[in-house]
Participant: 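Got a structure for you, questions after.
Values reported hereafter were calculated over all heavy atoms of this structure, with side chains retained and with hydrogens, waters and symmetry mates removed. Every value quoted in this text rests on a predicted model; they were computed, and no experiment measured them.
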Amino acid sequence: MNWLLDKSGLFIEAQEIRWDHLHLYITVEVKMNGEKQYDPEKLDFYMVYMSGKARAKLDVTKISDSTYELHVNVTNNGANQCIPFGVYTIFVCENEDVLTNVQSSIALGLKLEERSRIFSYNAFHKAYNVQFFVDVYDETGLPLKINIRNLDEIPLVFPKNEDWKAQIKDIMINVKDDVRHVVRRMYRKKYKKYKDKRENTIVFLTTQSNQLVNNLSAVHKKMLERKLDSKFNILVYAHNTAGKPMVEIDWEPFIDTVAQARIIFIDDHVPAFDWLRLGGQTKLIQLWHAGAGFKSSGYNRWGNVGAPGPHSCHRQYAYGIAGSKKIASFFSDAWGINVEKVVSTGMPRMDSYLDKEYQKKTVEKLYEKYPICNGKKVILFAPTFRGVDRSTAYYPYELLDFEKLYQVCGSEYVVLFKAHPWVNNKLEIEEKYQDKFLDVSSYKNINDLFYITDLMITDYSSGIYEYSLMRKPMLFFGFDVESYSFSRGFHRSFEESAPGKVCYTFEEVIKAIEDKDFEYEKVEKYIEEHFDYFDTNACNRVIDWFVLGQLPAEITERIEKKRNEMKKMAQLDFTREEV
């Protein structure tokens with residue numbers, strides 16, 4: 001590198017720092033006092049570690065003639081990992097020339113402590129800390145420094161072994177570590193064993209259910225329909241191990257299946273892959289089950305309960321899928337991978353959902369199964385659960401005024417209540433309401449119900465994704481939007497993005513039904529943003545692109561461009577003396 005800090009005439013000063021959750025933005029003012037004029041949008045801004053290695057490249061956006069905004073996602077430095085721990089300086093380069101570093105204004109320097117952030121994870125026992133400071137001893141002026149550290153829980157008393165509970169906890173931690181060691185060793189042995197078999201083996205895997213569902217089921221079924229089982233060894237591993245202690249899981253069939261795979265399709269988080277690193281010949285592909293709701297997941301939950309650690313299952317994805325290019329960033333943020341790896345294929349489970357023949361047969365079966373709906377408009381009440389997880393999930397039905405809802409139905413509506421599968425408290429419908437109210441929570445496929453629904457009342461559920469294509473109105477009962485945003489978190493503004501009228505009390509819900517005030521125009525806007533395809537070929541795209549290796553050139557070119565950019569950054573050396 002050619003060091004021109006005293007010769008470039010370029011001076012860049014940070015004026016403000018802001019956060020959009022995972023995204024760090026630094027507003028800078030640019031001054032040019034030399035003969036040469038630079039275009040900051042064409043310069044490279046690198047976060048450089050003390051060792052002289054660049055660990056992240058910041059995006060640059062012009063705000064005004066002299067003001068620009070730098071941006072980086074701290075959970076993904078472009079190499080699908082958090083920005084590594086260390087102290088960083090932001091250097092500005094033009095090719096091999098180091099022109100300057102980013103300084104801090106005095107006004108910002110006085111506010112750096114409050115601009116720092118702590119992102120907790122591991123049930124709040126650990127945290128990823130981003131701290132800003134000014135190195136007042138640096139001869140270049142007041143360079144802005146970024147100190148990234150891992151914070152760990154520290155005992156506040158001297159260690160002692162009198163507490164039998166603490167002793168048992170230590171024993172269990174050691175047992176868990178021992179199990180992981182054994183499983184890793186088992187995987188390495190079997191991975192080597194299946195070397196020659198791996199090329200043609202495709203695995204469909206879930207640890208959240210005892211059978212394939214949603215996108216996994218759809219793609220698996222399509223591969224069999226296309227008779228690809230004659231060309232590939234197609235394996236299925238579907239065992240619900242959620243919440244089970246590691247010592248109670250039968251690891252042998254899991255590892256035997258995984259070790260054979262060239263491609264593993266999953267459609268949810270697989271906890272084992274948080275700590276079991278897959279071999280380099282295996283590609284893990286995420287066919288995420290949710291189209292796009294509001295609830296935060298993965299790295300969007302940093303700072304909240306349930307946030308993943310810096311190394312997790314998500315980091316291993318070769319690809320993930322989305323319904324459209326416009327929402328790919330929702331998923332790349334959640335998974336901590338580059339947005340180029342989130343491919344717009346459409347949702348495989350939507351193929352059958354959009355099939356006209358399937359729709360016709362399903363509607364006939366539903367009217368036969370639920371005769372209460374015949375000749376009536378149907379309101380589907382389908383909110384998501386409250387609580388932390390499956391064991392604590394519930395819905396506060398006491399907030400609903402059943403009498404008023406019954407009255408507003410009149411002779412026009414009936415109401416179907418569909419609880420989230422995790423909800424433990426069963427809805428009891430009084431006999432006097434049973435001619436208009438019906439609990440259909442036992443019906444497995446909520447998408448089927450959308451065919452006969454005329455109005456859906458929901459909240460933060462991802463079910464709005466499929467329902468939107470029915471082009472029918474929605475109401476959103478967000479009575480707890482503020483507390484929910486703190487506990488669960490949103491990856492985007494609920495009020496601004498909800499494709500329908502948002503109601504904060506049940507009285508508002510009743511009035512909206514009475515007035516038929518649904519703000520339907522938001523549905524069309526939502527569809528335009530969330531769907532690139534309206535056909536029944538999502539399964540075929542997944543198979544053709546990922547299994548048969550026919551990924552469109554424009555996608556492979558974007559991925560290759562990002563790969564080359566990271567390769568170039570890794571080769572930079574900022575340790576040479578100034579010349």
Side-chain angles (χ1 to χ4, degrees), residues 76 78-81 198-205 214-235 258 260-268 270 273 278-292 313-351 530-568:
N76 184 12
N80 303 323
Q81 64 178 21
R198 186 170 301 113
E199 179 60 28
N200 290 317
T201 301
I202 311 297
V203 170
F204 291 84
L205 183 148
N214 295 323
N215 291 334
L216 281 183
S217 176
V219 175
H220 178 260
K221 181 180 178 182
K222 180 61 71 172
M223 285 196 72
L224 298 182
E225 285 179 3
R226 292 176 58 172
K227 302 189 185 316
L228 289 173
D229 53 332
S230 64
K231 182 177 180 180
F232 297 98
N233 178 32
I234 301 175
L235 304 178
V258 168
Q260 297 181 55
R262 174 174 69 90
I263 292 176
I264 301 175
F265 286 117
I266 60 176
D267 75 341
D268 210 320
V270 178
F273 293 155
L278 295 171
Q281 292 179 318
T282 300
K283 289 184 177 180
L284 184 64
I285 299 177
Q286 177 60 265
L287 306 180
W288 188 247
H289 59 280
C313 168
H314 304 312
R315 301 296 196 186
Q316 301 200 60
Y317 301 157
Y319 303 102
I321 67 169
S324 81
K325 298 182 184 71
K326 293 179 181 178
I327 62 171
S329 61
F330 297 164
F331 301 99
S332 64
D333 280 359
W335 301 330
I337 66 174
N338 295 337
V339 71
E340 293 83 2
K341 290 189 172 186
V342 180
V343 182
S344 172
T345 61
M347 292 291 110
R349 68 173 183 276
M350 300 284 280
D351 287 358
H530 288 75
F531 294 90
D532 285 345
Y533 303 99
F534 300 94
D535 57 24
T536 57
N537 284 313
C539 287
N540 286 325
R541 280 187 286 272
V542 168
I543 294 168
D544 293 341
W545 294 1
F546 300 137
V547 178
L548 302 181
Q550 299 168 4
L551 203 61
E554 62 180 85
I555 297 175
T556 57
E557 287 170 5
R558 287 200 301 269
I559 293 173
E560 188 63 24
K561 180 180 178 182
K562 187 66 177 182
R563 185 183 292 118
N564 290 336
E565 182 181 290
M566 297 309 298
K567 188 176 181 180
K568 173 188 173 183

Participant: Identify, with sequence neighbours excluded, every residue that meets side-chain hydrogen bond (donor to acceptor under 3.5 Å, both in side chains) alongside E565.
Facilitator: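 Expected list: K562.
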Participant: Out of T201, I263, L548, which one pairs with F232 under the side-chain contact (heavy atoms from CB on, under 4.5 Å) rule?
Facilitator: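 Looking at T201, I263, L548, the match for F232 under the side-chain contact (heavy atoms from CB on, under 4.5 Å) is L548.
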Participant: Sequence neighbours left out, what passes side chain to side chain contact (heavy atoms under 4.5 Å, CB included) with S217? Give chain and number order.
Facilitator: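 Result, side chain to side chain contact (heavy atoms under 4.5 Å, CB included) vs S217: L212.
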Participant: Rounded to the nearest 0.5 Å, what separation is found between the NZ atom of K221 and the CG atom of L216?
Facilitator: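 Between atom NZ of K221 and atom CG of L216 there are 14.5 Å.
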Participant: Please enumerate all residues that pass ring-ring contact (aromatic ring centres under 6.0 Å, His included) together with F265, with sequence neighbours excluded.
Facilitator: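 Expected list: F204.
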Participant: Is the shortest heavy-atom distance from the side chain of F546 to the side chain of I321 under 4.5 Å?
Facilitator: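 A side-chain contact under 4.5 Å exists here.
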Participant: Measuring from atom CG of N76 to atom CD of Q81, what distance do you get when rounded to the nearest 0.5 angstrom?
Facilitator: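 With rounding to 0.5 Å, CG (N76) is 8.5 Å from CD (Q81).
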Participant: Who passes salt bridge (Lys or Arg N to Asp or Glu O under 4.0 Å) against R541, sequence neighbours left out?
Facilitator: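 Only D535 meet the salt bridge (Lys or Arg N to Asp or Glu O under 4.0 Å) criterion with R541.
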Participant: Applying side-chain hydrogen bond (donor to acceptor under 3.5 Å, both in side chains), name anything that partners E560, two or more places apart in sequence or on another chain.
Facilitator: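 Scan of E560 (side-chain hydrogen bond (donor to acceptor under 3.5 Å, both in side chains), adjacent residues dropped) gives R563.
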Participant: Sequence neighbours left out, what passes salt bridge (Lys or Arg N to Asp or Glu O under 4.0 Å) with K222? Give chain and number order.
Facilitator: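 Salt bridge (Lys or Arg N to Asp or Glu O under 4.0 Å) list for K222, sorted by chain: E225.
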Participant: Test of understanding: with side chain to side chain contact (heavy atoms under 4.5 Å, CB included), list the residues that count as partners of D532, not counting sequence neighbours.
Facilitator: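 Only S324, K325, S344 meet the side chain to side chain contact (heavy atoms under 4.5 Å, CB included) criterion with D532.
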Participant: Could you measure the distance from the NE2 atom of H289 to the CG atom of D268? Nearest 0.5 Å is fine.
Facilitator: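 Nearest 0.5 Å value for the NE2-CG distance: 4.5 Å.
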Participant: Mind checking whether Y317 and H314 have parallel, tilted or perpendicular rings, split at 30° and 60°?
Facilitator: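 Y317 and H314: perpendicular rings.
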Participant: Taking the side chain as every heavy atom from C-beta outward, state whether F273 and V258 have any pair of such atoms under 4.5 Å apart.
Facilitator: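 SC-SC contact between F273 and V258 confirmed.
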Participant: Distance from L287 atom CG to H220 atom NE2, nearest 0.5 Å?
Facilitator: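 Going from CG on L287 over to NE2 on H220, the span is 12.5 Å.
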Participant: Which residues satisfy the side-chain hydrogen bond (donor to acceptor under 3.5 Å, both in side chains) test with N540, sequence neighbours excluded?
Facilitator: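 With sequence neighbours excluded, N540 shows a side-chain hydrogen bond (donor to acceptor under 3.5 Å, both in side chains) to R226, N537, given in chain and number order.
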Participant: Using the test side chain to side chain contact (heavy atoms under 4.5 Å, CB included), find all partners of I555 that sit at least two apart in sequence or belong to another chain.
Facilitator: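 I555 satisfies side chain to side chain contact (heavy atoms under 4.5 Å, CB included) with V343, W545, L551, P552, R558, I559 only.
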Participant: E554: what forms a side-chain hydrogen bond (donor to acceptor under 3.5 Å, both in side chains) with it, not counting sequence neighbours?
Facilitator: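 E554: no side-chain hydrogen bond (donor to acceptor under 3.5 Å, both in side chains) contacts found.
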Participant: In the structure I gave you, are the side-chain heavy atoms of L228 and I543 within less than 4.5 Å of one another anywhere?
Facilitator: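 Yes - at least one pair of side-chain heavy atoms lies under 4.5 Å apart.
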Participant: Among all residues two or more places apart in sequence or in another chain, which pass the side chain to side chain contact (heavy atoms under 4.5 Å, CB included) test with K568?
Facilitator: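 With neighbours one apart ignored, the set is D44, Y46.
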Participant: Would you mind listing every salt bridge (Lys or Arg N to Asp or Glu O under 4.0 Å) that reaches into residues 333-344, with sequence neighbours excluded?
Facilitator: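 Counting only pairs at least two positions apart or across chains, no salt bridge (Lys or Arg N to Asp or Glu O under 4.0 Å) contact touches residues 333-344.
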Participant: May I ask you to test the Y319-I337 pair for a side-chain heavy-atom distance under 4.5 Å?
Facilitator: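 Counting from C-beta outward, Y319 and I337 never come under 4.5 Å.
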Participant: I234 versus M223: any side-chain heavy-atom pair under 4.5 Å?
Facilitator: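 Sidechains of M223 and I234: in contact.
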